[in-house]
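Read through the structure below, which is laid out as structure tokens, and then see the notes.
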2 protein chains.
Amino acid sequence: MDETDYKIIDFLREDSRETNMEIARKLNVSEGTIRKRIMNLVNSGIIRKFTIETSLSIEGIVLIELDSRQASNTLKTLKSLYSDIYEFSGSIDVAVRISKNTIEELNMEVDKIRDLKGVVNTDTMVRLK
Amino acid sequence: MDETDYKIIDFLREDSRETNMEIARKLNVSEGTIRKRIMNLVNSGIIRKFTIETSLSIEGIVLIELDSRQASNTLKTLKSLYSDIYEFSGSIDVAVRISKNTIEELNMEVDKIRDLKGVVNTDTMVRLK
DNA sequence: TGTGAAAAACCAAATAC
DNA sequence: GTATTTGGTTTTTCACA
């Protein structure tokens, strides 16, 4: 992670479809250099995913109350199912962030969470437009 | 916005660097069709931006308890300050999602929220690695 | 990093819906 | 009339020295 890597990340944050060539031109290096660096950033987990932001998805945060006796197992399960997980420091309660195309799909996903062993209760917040 | 557009969006959400060609192959249409449709999705504002998710930033969700008598005003203030706001349906309590480079910066931002008029209490959740 | 082959993106005209 | 395909050109990607 040097200055060049940070610049590459900044460019990709703004436009992840910018070509390697174009980034290379801006940074005065070869295309192959950009391609290899991006590959390394992905392999090392620094770049998690290339994605888009849309105006149509429903985004929700599901607050999840866990049974404290099963908390660590349930948390493990949640981690395997969702990538966007939040936790109070030092508390057993967690939240997952979910993005779906419709409110129905979001509700179905919440139902899945409610059915998980060790989940006592859930509360869903929806992103304001 | 038809079925094809939704599928294109789903593919791009998973990998915004997937080539038009590859998407075209999966949907059995020509590359030009995919390119034009993506262009239309961008121009109509449905696709807001092509971006990346990284593991560099600290992401937090701040749960905010509002004074019910000032709730609508405080919510208005929060909306002007943050773009990623979540709300329980029919409840006065909200959450904002904040992304910062360090935990210190995140805490400073939370302090700002606590100082807002009408904010009774806050609780911060931090994204798990 | 530089080179050359393969792939993808792009453009304009023709066609299909 | 709008959307899609087709064919030809430019640009980018990718592997290898």
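In what follows, every chain begins at residue 1, and chains take the letters A, B, ... in the order their sequences are listed.
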Consider side-chain hydrogen bond (donor to acceptor under 3.5 Å, both in side chains). Of B/T51, B/T19, B/N20, which one does A/R17 pass it with?
B/N20

What residues, two or more places apart in sequence or in another chain, satisfy side chain to side chain donor-acceptor pair (under 3.5 Å) together with [X]?
{"X": "A/E18", "result": "A/K26"}
{"X": "A/T74", "result": "none"}
{"X": "A/K7", "result": "none"}

Find every protein N or O atom lying less than 3.5 Å from an N or O atom of nucleotides 11-15 of chain D, and list the pairs.
unit_1 : atom_1 : unit_2 : atom_2 : d
D/dT12 : OP1    : A/R25  : NH2    : 3.0
D/dT13 : OP1    : A/N20  : N      : 3.1
D/dT13 : OP2    : A/N20  : N      : 3.3
D/dT13 : OP2    : A/M21  : N      : 3.0

Give me the atom names and distance for the closest heavy-atom approach of B/I98 to B/L106.
CG2-CD1, 3.7 Å

Bending between helix ends of the helix from C/dT1-D/dA17 to C/dC17-D/dG1 [5 pairs per end, 10° resolution]:
30°

Any residue meeting side-chain contact (heavy atoms from CB on, under 4.5 Å) with A/K79, in chain and number order, not counting sequence neighbours:
A/L75, A/I85, B/L128

[X] has an atom [atom1]; how far is it from atom [atom2] of [N], in whole Å?
{"X": "B/N28", "N": "D/dA3", "atom1": "CG", "atom2": "C1'", "value": "17 Å"}
{"X": "B/I23", "N": "C/dA8", "atom1": "CD1", "atom2": "C1'", "value": "12 Å"}
{"X": "B/R37", "N": "C/dA9", "atom1": "CZ", "atom2": "P", "value": "17 Å"}
{"X": "A/K36", "N": "D/dA17", "atom1": "NZ", "atom2": "C1'", "value": "11 Å"}

Between B/R13 and B/D10, is there a salt bridge with N-O shorter than 4.0 Å?
yes

Once rounded to the nearest 0.5 Å, what's the spacing between atom CE of A/M108 and atom CD of A/E104?
10.0 Å

Remaining members of the apolar cluster that contains [X], side-chain heavy atoms under 4.5 Å:
{"X": "B/M39", "value": "none"}
{"X": "A/Y86", "value": "A/I61, A/L63, A/F88, A/M125, B/I61, B/L63, B/Y86, B/F88, B/M125"}
{"X": "A/I34", "value": "A/M1, A/Y6, A/I8, A/I9, A/F11, A/L12, A/I23, A/L27, A/V29, A/I38, A/L41, A/V42, A/I46, A/I47, A/F50, B/I52, B/L56"}

Provide a list of protein-nucleic acid N or O atom pairs under 3.5 angstrom, restricted to nucleotides 15-17 of chain C.
none

Closer than 3.5 angstrom, by distance alone: can the side chain of A/D123 be matched with the main-chain N or O of A/V62 as a donor-acceptor pair?
no

Sorted by number, residues from residues 41-52 of chain B placing a heavy atom under 4.0 Å from DNA chain C are none

Residue pairs, two or more places apart or on separate chains, that pass salt bridge (Lys or Arg N to Asp or Glu O under 4.0 Å) and touch residues 42-52 of chain A
A/K49-B/E14

